[in-house]
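Every number for a ligand or one of its atoms is a count from 1 in the order of the listing.
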Amino acid sequence: MRRFFISSQAITQDRAQLSGAEFHHLRHVLRLDRGVRVILYDESGATYHGEILHIAPTYAEVGITQHAPAETRAFHLTLAQSMLKGRKMDLVIEKATELGVHTIVPFVSAFTVARIPDGKRAERVARWQHLARAATKQSGGLPPEIRPPQLFPALFHSIPQNSGKIIFSERECALHLRDFARDSAQFDALHILVGPEGGFAPEEIEQAQAAGFVSVSLGASVLRAETASITAIALCQFLWRDPQFPPLS
Ligand code: SAM
């Protein structure tokens with residue numbers, strides 16, 4: 001069944017009015033009509049199963065047949081990702097969303113090449129949020145919170161004490177993620193840092209370690225930043241999110 005994002009404001013008891021870009025997608029791209037069953041999800045992650053009752057020129061009226069509250073995520077993964085050039089950042093945003101990341105924090109560090117022109121930050125964050133929302137049409141779940149880009153030092157403010165903290169470094173030779181997971185506590189929140197195409201400056205690794213982050217390796221290959229990010233997210237979700245996989249003994 002097709003999924004559409006809707007503001008909770010547009011939902012009454014058992015009716016919803018889908019308008020704007022989502023209506024355009026339903027009506028003019030997918031050409032859906034009365035009687036078709038759809039799934040709506042709102043900004044809280046609540047989902048509503050329903051049927052298209054009426055198609056007006058600017059909105060579709062959906063009769064809601066079933067409502068499920070947002071699932072509370074047992075494990076909050078926050079990805080702090082250095083800005084990347086071109087479509088690579090889009091790829092990371094999309095795959096991080098599909099993999100269930102809770103929060104994405106783009107940042108600029110010493111060797112970050114990608115830059116957002118002045119006055120375009122809000123527009124770029126809105127674009128990333130649109131990408132994330134589009135990714136949840138396929139994956140289900142809730143799009144991540146995407147914060148405005150920050151400077152590297154600001155990343156260490158307001159991280160909850162009990163959160164796990166990993167900075168992924170290709171220069172790390174002693175501690176592999178597998179060993180970190182085996183020897184670490186079971187987290188309900190984890191912050192991970194992945195650097196830009198040029199990697200982290202040595203003093204940035206030290207600064208992160210001083211803030212309680214552990215330098216961890218993903219293996220001997222020096223991965224592209226976007227590959228490292230997607231791989232790190234998938235492994236961390238596997239290791240800490242999916243309770244059906246018993247924690248490493
Ligand atoms: N500094 C390296 C260079 O210039 O060849 C490459 C940096 S790599 C392209 C970008 C980021 O991906 C790194 O900052 C790190 O966060 C992550 N990364 C890549 N390979 C990794 C590995 N084997 N283990 C941990 N992190 C890795």
Side-chain angles (χ1 to χ4, degrees), residues 75-116 124 128 131-132 135 144-157 159 163-185 187 189-241 248:
F75 174 61
H76 277 203
L77 180 58
T78 295
L79 165 70
Q81 171 65 57
S82 171
M83 300 248 289
L84 300 175
K85 288 184 290 189
R87 295 283 181 221
K88 291 184 281 190
M89 194 67 177
D90 293 357
L91 178 73
V92 169
I93 297 270
E94 189 178 71
K95 299 314 167 193
T97 300
E98 289 175 55
L99 288 164
V101 165
H102 183 266
T103 306
I104 299 176
V105 186
F107 67 86
V108 173
S109 53
F111 298 151
T112 303
V113 177
R115 284 288 185 277
I116 298 180
R124 184 70 58 87
W128 287 333
L131 270 175
E145 177 198 355
I146 301 178
R147 297 210 183 129
Q150 297 180 13
L151 294 176
F152 186 77
L155 292 178
F156 307 116
H157 302 155
I159 294 182
S163 173
K165 303 176 186 75
I166 295 176
I167 180 166
F168 283 104
S169 170
E170 74 288 356
R171 287 198 289 271
E172 172 58 41
C173 304
L175 184 61
H176 190 284
L177 179 61
R178 176 198 52 236
D179 306 315
F180 174 83
R182 189 184 49 235
D183 304 340
S184 68
F187 307 121
L190 178 64
H191 275 64
I192 62 175
L193 305 184
V194 177
E197 293 87 343
F200 287 111
E203 60 274 15
E204 289 172 332
I205 302 273
E206 287 160 18
Q207 200 176 347
Q209 290 172 317
F213 279 74
V214 178
S215 169
V216 170
S217 170
L218 290 167
S221 306
V222 178
L223 306 172
R224 287 178 181 274
E226 62 275 24
T227 309
S229 199
I230 295 166
T231 305
I233 294 165
L235 290 175
C236 289
Q237 293 287 48
F238 172 77
L239 287 164
W240 285 289
R241 177 184 72 173
L248 293 168

> Can an N or O of V222 be found at a distance shorter than 3.5 Å from an N or O of ligand 1?
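N/O-N/O distance below 3.5 Å does not exist for this pair.
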> Minimum distance, heavy atoms only, to atom 17 (C) of ligand 1: which one of S169, A228, S217 is it?
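That would be A228.
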> Please confirm whether G219 comes within less than 3.5 Å of ligand 1 when only nitrogen or oxygen atoms on both sides are compared.
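Yes, since at least one N or O of G219 sits under 3.5 Å from an N or O of ligand 1.
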> Hey, what's the ring geometry for F187 with W240, parallel, tilted or perpendicular (30° and 60° as the breaks)?
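Tilted, since the angle between the ring planes falls between 30° and 60°.
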> How far is atom 11 (C) of ligand 1 from its nearest protein heavy atom, and which residue and atom is that?
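So the nearest neighbour among protein heavy atoms is G195 O, 3.7 Å.
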> May I ask you to check whether A220 has an N/O atom sitting below 3.5 Å from an N/O atom of ligand 1?
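In this structure, A220 places no N or O atom under 3.5 Å from an N or O of ligand 1.
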> Counting non-hydrogen protein atoms only, what is the nearest one to atom 3 (C) of ligand 1? Give residue, atom name and distance.
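Its nearest protein heavy-atom neighbour is E197 O, 4.4 Å.
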> Please report which non-hydrogen protein atom sits nearest to atom 16 (O) of ligand 1, along with the residue it belongs to and the distance in Å to one decimal place.
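Here the closest protein heavy atom is F168 O, 2.6 Å.
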> Output yes when a side-chain donor or acceptor of Q237 lies under 3.5 Å from a complementary backbone atom of G100, and no otherwise.
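Answer holds: yes.
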> Does the side chain to side chain contact (heavy atoms under 4.5 Å, CB included) test come out yes or no for E197 and L84, once each step is laid out?
CA-CA 7 Å; E197 293 87 343; L84 300 175; 3.7 Å; yes
> Answer whether the closest heavy-atom distance between the side chains of E170 and L223 falls below 4.5 Å.
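With C-beta onward as the side chain, the pair stays apart.
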> Does any N or O in the side chain of E204 come within less than 3.5 Å of the main-chain N or O of A110, such that one atom is a donor and the other an acceptor?
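Yes, E204 side chain to A110 backbone: donor-acceptor pair under 3.5 Å.
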> I'd like to check whether G198 has a polar contact with ligand 1, where a contact means an N/O of the residue lying under 3.5 Å from an N/O of the ligand.
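Yes - when backbone and side-chain N and O of G198 are compared with those of ligand 1, one distance drops under 3.5 Å.
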> Evaluate side chain to side chain contact (heavy atoms under 4.5 Å, CB included) for F75 paired with L239, printing each intermediate quantity in order.
CA-CA 11 Å; F75 174 61; L239 287 164; over 6 Å; no
> Considering both backbone and side-chain atoms of L218, is one of its nitrogen or oxygen atoms within less than 3.5 Å of a nitrogen or oxygen in ligand 1?
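Yes, since at least one N or O of L218 sits under 3.5 Å from an N or O of ligand 1.
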> Which is it for L77 and L99 under the side chain to side chain contact (heavy atoms under 4.5 Å, CB included) test, yes or no, and what are the steps along the way?
CA-CA 10 Å; L77 180 58; L99 288 164; over 6 Å; no
> Hey, does the side chain of E226 reach the backbone of L91 with a donor-acceptor pair shorter than 3.5 angstrom?
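No; zero donor-acceptor contacts below 3.5 Å.
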> Does ligand 1 come near enough to A225 that some N or O of the ligand is less than 3.5 Å from an N or O of the residue?
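No; the residue has no nitrogen or oxygen that sits under 3.5 Å from a nitrogen or oxygen of the ligand.
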> Run the salt bridge (Lys or Arg N to Asp or Glu O under 4.0 Å) test against E145 and tell me which residues pass, sequence neighbours left out.
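Partners of E145 by the salt bridge (Lys or Arg N to Asp or Glu O under 4.0 Å) criterion, ordered by chain and then number, come out as R147.
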> Tell me whether V216 reaches ligand 1 (any heavy atom closer than 4.0 angstrom to a ligand atom).
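Contact present.
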> For ligand 1, is any non-hydrogen atom under 4.0 Å from E172's backbone (N, CA, C, O), its side chain (CB onward), both, or neither?
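Looking at E172 and ligand 1, no heavy atom falls under 4.0 Å.
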> For H191 and F213, what are the C-alpha separation, side-chain angles and deciding distance, and is it a side chain to side chain contact (heavy atoms under 4.5 Å, CB included)?
CA-CA 9 Å; H191 275 64; F213 279 74; 4.1 Å; yes
> If I apply the N/O under 3.5 Å rule, does S221 come out as touching ligand 1?
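Indeed, backbone or side chain, S221 has an N or O that close.
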> Measure T227 to ligand 1 on non-hydrogen atoms and call it side chain, backbone, both or neither using the 4.0 Å cut-off.
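Within the 4.0 Å criterion, T227 makes no contact with ligand 1.
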> Residue-level breakdown please: for P196 versus ligand 1, do any non-hydrogen atoms fall below 4.0 Å on the side chain, on the backbone, on both, or on neither?
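P196 to ligand 1: backbone contact only, side chain stays beyond 4.0 Å.
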> Just to confirm my output: which protein heavy-atom neighbour is closest to atom 20 (N) of ligand 1, and how far is it?
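It is L223 N, 2.9 Å.
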> To which of E170, E226, E204 does the heavy atom nearest atom 1 (N) of ligand 1 belong?
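Going through E170, E226, E204 one by one, E170 has the nearest heavy atom to atom 1 (N) of ligand 1.
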> Using only atom types and a distance under 3.5 Å, with no angle test, would you say the side chain of S229 pairs donor to acceptor with the backbone of A225?
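Between the backbone of A225 and the side chain of S229 there is no qualifying donor-acceptor contact (under 3.5 Å).
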